[in-house]
Amino acid sequence: MTRIDLPKVYDPRAVEGKWYQYWEEHKYFRSVADPNRAPFCIVMPPPNVTGQLHMGHALDNTLQDVLTRWRRMQGYNALWLPGTDHAGIATQAKVEEQLAKEGADRYALGREKFLERTWAWKEQYGGRITTQLRRLGASCDWDRERFTMDEGCSAAVREVFIRLYERGLIYRDYYITNWCPRCGTTISDIEVEHLDKPGHLYHLKYPVKDNPGEYIVVATTRPETMLGDTAVAVAPGDGRYTRLVGKVLLLPLVGRELPVIVDEYVDPAFGTGAVKMTPAHDPNDFEVGRRHNLPRVQVIGKDALMTAEAGPRYAGLDRWECRKRIVKDLEAGGCLLKIEDHGHALGHCYRCNSVIEPMLSKQWFVKMKPLAGPAIQAARDGRVQFVPERFTKIYLNWMENIRDWCISRQLWWGHRIPVWYCEDCGESFVSRTPVDSCGRCGGKVYQDPDVLDTWFSSALWPFSTLGWPEKTIDLACYYPTSVLVTGRDIIFFWVARMIFSGLAFMDEVPFRQVFIHGLVLDALGRKMSKSLGNGVDPIDVIESHGADSLRFMLVTGNTPGNDLRFHFERLDGARNFANKIWNASRFALMNLQDYDPGETPGPDHLTLADRWILSRYQTAVTDTTRFLENYELGEAARVLYEFIWNELCDWYIELVKPRLYGKTGPEDRRVAQEILARVLKGSLELLHPFMPFITEEIWQRLPRRGLTIMRAPWPEDDESARDAAAEAKMSLIMEVTRGVRQIRGEMNVPPGKVATVLLVAPEEETRAVLEEGLSYLQNLSFGEATVHAGLREKPGQAAVAVARGVEVYVPLKGLIDIDKETARLAKELAAAEKDLSRVLKKLGSSDFLDKAPPAVVEKEQAKQAELSAKQTSLKERLAVLGAGTS
RNA sequence: GGGGGCAUAGCUCAGCGGGAGAGCGCUUGACUCACAUUCAAGAGGCCGGUGGUUCGAAACCACCUGUCCCCACCA
């Protein structure tokens with residue numbers, strides 16, 4: 001063995017940066033459109049430019065990188081296309097925050113200057129997340145990095161808006177939308193989070209105008225909105241109120257006259273069966289109001305303060321303050337009948353958590369029904385497949401009940417709506433290019449001040465990034481993309497919208513498969529959040545444990561679609577695995593220094609151990625590949641972990657040591673070197689998608705390497721390399737070895753001190769296997785061993801282990817604890833008898849014999865034989881021990 | 001109100017029709033010349049409950065219980 005200059009503990013910091021730079025400089029991430037090569041393409045869910053890498057990104061991008069690196073090695077023309085999202089609200093908020101510190105605000109600065117400022121902010125901080133993705137090892141084609149507001153994506157946005165408009169799928173209308181008072185914009189329905197909050201149901205008396213003694217009781221959760229009431233509605237045919245329909249009520253505190261109307265919307269069973277109508281502040285009331293031509297009185301403003309219309313006593317009050325005062329005033333006026341506790345879901349802004357105010361305003365909408373149809377069909381007929389499949393149902397359920405999408409936002413940072421209005425004649429123009437003057441009257445025009453929902457541009461991501469609306473070779477080669485990898489929290493926001501957009505503008509789904517993963521939770525199962533302060537920064541983890549460990553930890557134990565808890569213990573486990581690989585490789589390299597790769601040794605030159613590890617390696621190749629194909633990345637990683645640690649390191653490397661040390665001759669040493677090098681190289685290649693850095697570092701030191709492990713061919717799945725006979729033999733030897741070790745442990749024999757072991761194998765076949773494996777047994781557990789046929793030695797003087805009919809005797813000097821040994825054997829016997837009776841019952845059943853497959857029956861019969869042999873043997877030994885005490 | 005996930009060893013989870021598994025933790029022993037971020041041996045489980053399908057169920061089906069999540073305009 002030659003000394004080799006490698007540290008005993010693997011240090012990721014010393015290698016990760018180096019290799020990433022190497023890969024990037026040599027353009028190994030690059031993909032060039034090539035009609036003659038099979039493509040594999042993933043578009044990265046663009047993280048917000050404002051963002052820092054969090055564990056969710058780390059998981060999402062690790063999964064994408066594993067798939068991309070694997071397919072690239074398989075020979076696909078693999079493109080992973082990165083980019084960032086302009087994130088309207090989030091980015092604007094950051095810049096406004098900055099301005100606030102300077103004592104300014106965006107209005108003071110003006111739109112143009114504010115946008116300049118935001119672009120500058122983007123230039124300065126927008127690259128942070130992509131730098132962090134590089135630390136993670138992401139093998140994306142950075143030359144193609146895109147931004148949702150770059151020239152190309154913006155052109156795509158304008159084109160889509162105009163085409164939708166031309167198809168009559170975009171309209172502008174007054175509607176009640178979700179207004180976030182803090183963000184100062186409307187948000188779409190799915191951006192509202194409904195949280196159950198305790199509240200009250202206030203019962204209010206509204207007197208009849210002509211008969212002040214008579215009144216209707218209405219129930220409301222939001223008494224302050226009564227200032228905007230313009231009617232009271234009752235259900236059709238509700239006997240309690242028929243007398244009053246068409247009469248006029250007087251609104252308390254305000255004195256407004258309210259007609260009593262009839263509408264289907266009212267549920268006579270809820271509350272009092274009479275509902276106050278506030279068309280300007282409730283979406284349902286708005287609809288009812290539209291049907292009955294009710295006036296809309298807006299009493300709450302966009303700043304969430306009461307408006308002048310609320311009357312002088314309330315104008316300018318905060319909405320919650322106003323509620324208190326109204327309740328007090330109503331009570332004083334004798335109009336408050338009672339207050340009940342009543343929990344209800346309250347809408348909150350998903351960005352800033354403010355309570356949403358339903359607000360009447362004129363907004364742009366996309367008509368969804370016509371777009372949803374094809375998107376539903378595509379999922380139904382499997383052109384888009386969700387992994388796991390259950391998400392198809394969730395997606396369909398949403399799509400089938402979809403409502404129109406409010407796409408205008410009262411922000412400045414984003415894609416401005418490409419519509420101009422004439423100041424003079426009011427005509428509007430939808431245009432791909434800026435409009436200077438009114439096409440009808442030549443008057444002055446101005447552009448719509450609103451911008452589009454951020455998700456409007458994300459929805460086009462799979463084709464806008466490939467060059468659409470131009471007809472590019474990229475689009476032809478890479479679209480539809482292969483798979484989309486994303487968290488289940490944005491199926492509605494993003495995945496669904498990409499699907500209908502792709503179908504509408506490319507006539508083809510944007511991706512064939514959607515691989516959904518869950519959330520990364522903290523150790524207690526809570527969502528990682530800033531407010532809880534329980535988030536773990538991936539960059540910190542990369543610093544302390546290395547990117548490979550983080551990646552491996554995130555991939556293992558994660559099943560598709562399910563959440564993943566973040567445990568530092570598991571991270572340590574991944575790091576230990578990296579260290580294990582490092583040291584196994586260190587050992588191999590020490591013994592491969594003088595290795596001269598000659599001819600591949602023929603089967604005759606291979607030992608049992610060689611044939612065994614080659615066979616096990618083939619199984620690992622098959623299993624890893626199969627699991628990856630099914631998106632079971634966690635299982636694939638587990639296969640590699642177990643193969644490398646439990647088989648390659650724990651057994652093969654131990655078995656091969658004497659041969660590498662030259663104890664069996666130079667030719668045998670060369671064969672051992674060859675097999676060890678081959679299996680190690682293949683294992684690193686299999687592991688590379690999961691742990692790219694350490695595998696490259698070691699692979700580069702191996703003989704017969706290429707330029708980079710990234711471009712090494714994925715190990716071939718060669719069924720013929722399986723060797724069932726070798727596996728069966730080795731497993732027998734391993735079991736016997738375990739038996740011997742157990743005895744040694746119980747006897748407290750110091751390592752290297754046990755003299756002689758007798759292996760007694762009654763069957764000739766078994767004996768032959770043990771003879772073949774004798775050298776392994778010797779160097780694995782004890783000094784000397786011989787295999788004996790025939791009758792058992794007298795076991796009264798020996799501790800005994802049984803493995804598949806082989807008994808192992810270790811001569812000892814009366815050290816055995818008879819009580820302990822008796823108890824142990826008795827327990828084992830009880831278990832064996834229980835198993836045996838179960839098997840016998842099975843074999844005694846004619847149903848089983850008739851209907852079970854023959855292989856299963858044979859297996860059960862073999863088991864019966866094994867168990868009865870074991871039973872006999874255990875009984876004998878117990879008898880011997882019993883004799884020993886007397 | 002509708003939909004979905006999860007319930008397996010002390011903890012976190014994998015397995016999902018024919019032998020109850022892993023990691024961590026725990027017990028015992030070993031600093032053995034790749035690795036103490038290690039090695040060896042071991043303890044620990046009526047696979048949530050009840051029914052059903054099957055020759056056979058931890059696994060498939062139904063219901064129940066507990067738990068988490070998503071959707072929804074009941075004032």
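Note that this is a predicted model, so its numbers are computed, not measured. Throughout, a chain's letter reflects where its sequence line sits, starting with A, and its residues are numbered from 1. Computation of the quantities below employed the complete heavy-atom set of this structure, encompassing side-chain atoms and omitting hydrogens, waters and symmetry-equivalent molecules.
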Quiz item: When all nucleic acid strands are considered with a 4.0 Å heavy-atom cut-off, which category describes A:Asp850: base, sugar-phosphate, or nothing?
Solution: nothing
Quiz item: Where does the angle between the aromatic ring planes of A:Tyr661 and A:Phe587 fall among parallel (under 30°), tilted (30 to 60°) and perpendicular (over 60°)?
Solution: perpendicular
Quiz item: Base, sugar-phosphate, or nothing for A:Glu287, non-hydrogen atoms under 4.0 angstrom?
Solution: nothing
Exercise. Scan A:Arg222 against the nucleic acid and name what it touches under 4.0 Å (heavy atoms): base, sugar-phosphate only, or nothing.
Key: nothing
Self-check item: Value in whole Å for how far the C1' atom of B:rA34 lies from NZ of A:Lys580
Solution: 8 Å
Quiz item: Are A:Arg565 and B:rU12 close enough that a side-chain N or O sits under 4.0 Å from OP1 or OP2?
Solution: yes
Quiz prompt | Residue list, side-chain contact (heavy atoms from CB on, under 4.5 Å) with A:Asp563, at least two apart or on another chain | solution = A:Arg488, A:Leu519, A:Leu521
Quiz prompt | salt bridge (Lys or Arg N to Asp or Glu O under 4.0 Å) partners for A:Glu569, two or more places apart | solution = none
Quiz item: Residues in side-chain contact (heavy atoms from CB on, under 4.5 Å) with A:Thr392, at least two apart?
Solution: A:Ala379, A:Phe386, A:Glu389, A:Leu396
Quiz item: Quick one: side-chain contact (heavy atoms from CB on, under 4.5 Å) partners of A:Ala14, sequence neighbours excluded?
Solution: A:Asp11
Could you list all N or O pairs between the protein and nucleotides 70-74 of chain B that sit under 3.5 Å apart?
residue : atom : partner  : partner atom : Å
B:rC73  : OP1  : A:Arg403 : NH1          : 2.9
B:rC73  : O2'  : A:Asn284 : ND2          : 3.2
B:rC73  : N1   : A:Asn284 : OD1          : 3.3
B:rC73  : O2   : A:Asn284 : OD1          : 2.4
B:rC73  : O2   : A:Asn284 : ND2          : 2.8
B:rC73  : N3   : A:Asn284 : OD1          : 3.2
B:rC74  : O2   : A:Asp267 : OD2          : 3.3

Practice problem: Quote, to the nearest angstrom, the C1' distance that separates B:rG15 from B:rG21. | Solution: 7 Å
Quiz item: How far, in whole Å, is B:rC24 from B:rA14 if one measures between their C1' atoms?
Solution: 14 Å
Quiz prompt | Sidechain N-carboxylate O distance under 4.0 Å for A:Glu357, A:Arg222 | solution = yes
Quiz prompt | P atoms of B:rG29 and B:rC68, separation to the nearest Å | solution = 43 Å
Quiz item: Got a sec, which residues hit side chain to side chain donor-acceptor pair (under 3.5 Å) with A:Trp494, two or more places apart in sequence or on another chain?
Solution: none
Practice problem: Pick the P atom in B:rC61 and in B:rU54, then give their distance to the nearest Å. | Solution: 16 Å
Quiz item: Please give, in whole Å, the distance from B:rC69 P to A:Ile491 CD1?
Solution: 17 Å
Quiz item: Any N or O donor-acceptor pair linking the side chain of A:Arg575 to the base of B:rU37 at under 3.5 Å?
Solution: yes
Quiz item: Separation of A:Phe391 atom CZ from B:rC69 atom P, in whole Å?
Solution: 15 Å
Quiz prompt | Gap in Å between the two P atoms, one belonging to B:rU28 and one to B:rC46, rounded | solution = 24 Å
Quiz item: In whole Å, what is the span from the CG atom of A:Asp563 to the P atom of B:rG4?
Solution: 18 Å
Practice problem: Would you tell me if any nitrogen or oxygen in the side chain of A:Thr221 comes within less than 4.0 Å of OP1 or OP2 on B:rA75? | Solution: no
Quiz item: Between B:rU38, B:rC55, B:rA14, which nucleotide gets closest to the side-chain atoms of A:Ser845?
Solution: B:rC55
Quiz item: So what does the secondary structure string of RNA chain B come out as, 5' to 3', with Watson-Crick or wobble pairs under 3.5 angstrom, [ ] for crossing and | for pairs with another strand?
Solution: ((((((((.[[[[.)..(..]]]].(((((.......))))).....[[[[[..)....]]]]])))))))....
Self-check item: Distance, C1' atom - from B:rC35 to B:rC31, rounded to whole angstrom
Solution: 12 Å
Practice problem: Please determine if a side-chain N or O atom of A:Trp645 lies less than 4.0 Å away from the OP1 or OP2 oxygen of B:rC39. | Solution: yes
Practice problem: Report the distance from atom OH of A:Tyr641 to atom P of B:rG21, rounded to the nearest whole Å. | Solution: 18 Å
Quiz item: B:rG66 and B:rU8: how far apart are their C1' atoms, nearest whole angstrom?
Solution: 16 Å
Exercise. Could you state the atom-to-atom distance from CE of A:Met399 to P of B:rG3 in whole Å?
Key: 21 Å
Check: protein-nucleotides 18-20 of chain B nitrogen or oxygen pairs below 3.5 Å:
none

Quiz item: Considering residues at least two apart in sequence or located in another chain, which fulfil the side chain to side chain donor-acceptor pair (under 3.5 Å) criterion with A:His292?
Solution: A:Asp263
Quiz item: Which part of the nucleic acid, if any, lies within reach of A:Lys393 when heavy atoms closer than 4.0 Å are counted: base, sugar-phosphate only, or nothing?
Solution: sugar-phosphate
Self-check item: Atom-to-atom span, CZ of A:Arg526 to C1' of B:rC69 - whole angstrom
Solution: 17 Å
Self-check item: Nearest-neighbour nucleotide for the A:Val9 side chain, B:rC24, B:rU37, B:rA34 considered
Solution: B:rU37
Under 3.5 Å, sequence neighbours excluded: what are the donor-acceptor pairs made by side chains of residues 841-854 of chain A?
residue  : atom : partner  : partner atom : Å
A:Ser845 : OG   : A:Asp847 : N            : 3.3
A:Ser845 : OG   : A:Phe848 : N            : 3.0

Quiz item: Under 30°, 30 to 60°, or over 60°: which ring-plane class applies to A:His200 and A:Tyr202, parallel, tilted or perpendicular?
Solution: perpendicular
Quiz item: When you match A:Cys649 and A:Ala269 each to their closest nucleotide on RNA chain B, which lands nearer the 5' end?
Solution: A:Cys649
Quiz item: Salt-bridged, A:Arg738 to A:Glu735, with N to O below 4.0 Å?
Solution: no
Quiz prompt | Geometric cation-pi criterion, A:Lys657 with A:Tyr652: 6.0 Å, 45° | solution = no
Self-check item: Euclidean distance for C1', B:rA9 against B:rG45 (whole angstrom)
Solution: 5 Å
Quiz item: Heavy atoms under 4.0 Å, any strand shown: does A:Ser585 hit a base, just sugar-phosphate, or nothing?
Solution: nothing
Quiz item: For A:Trp651, which residues count as a ring pair (Phe, Tyr, Trp, His ring centres under 6.0 Å) partner, sequence neighbours excluded?
Solution: none
Quiz item: If you take atom types as modelled and just measure distance, does the side chain of A:Glu654 reach the base of B:rA34 with a donor-acceptor pair under 3.5 Å?
Solution: yes
Quiz prompt | Most 5' of A:Gly573 and A:Asn558 on RNA chain B, judged by nearest nucleotide | solution = A:Asn558
Quiz item: Touch check for A:Lys841, heavy atoms < 4.0 angstrom, all strands: base, sugar-phosphate only, or nothing?
Solution: nothing
Quiz item: Given the rule in the side-chain hydrogen bond (donor to acceptor under 3.5 Å, both in side chains) test, do A:Tyr641 and A:Asn646 qualify, once you have shown the distances and angles that lead to the verdict?
Solution: CA-CA 8 Å; A:Tyr641 180 92; A:Asn646 301 338; over 6 Å; no
Quiz item: Residues two or more places apart in sequence or in another chain: which of them pass side-chain contact (heavy atoms from CB on, under 4.5 Å) with A:Ala637?
Solution: A:Phe552, A:Val555, A:Thr556, A:Phe690
Quiz item: For A:Phe587 and B:rC35, what is the distance between atoms CZ and P respectively, to the nearest whole Å?
Solution: 10 Å
Quiz item: Among the nucleotides B:rA36, B:rG5, B:rC39, which one has an atom lying closest to any side-chain atom of A:Arg390?
Solution: B:rG5
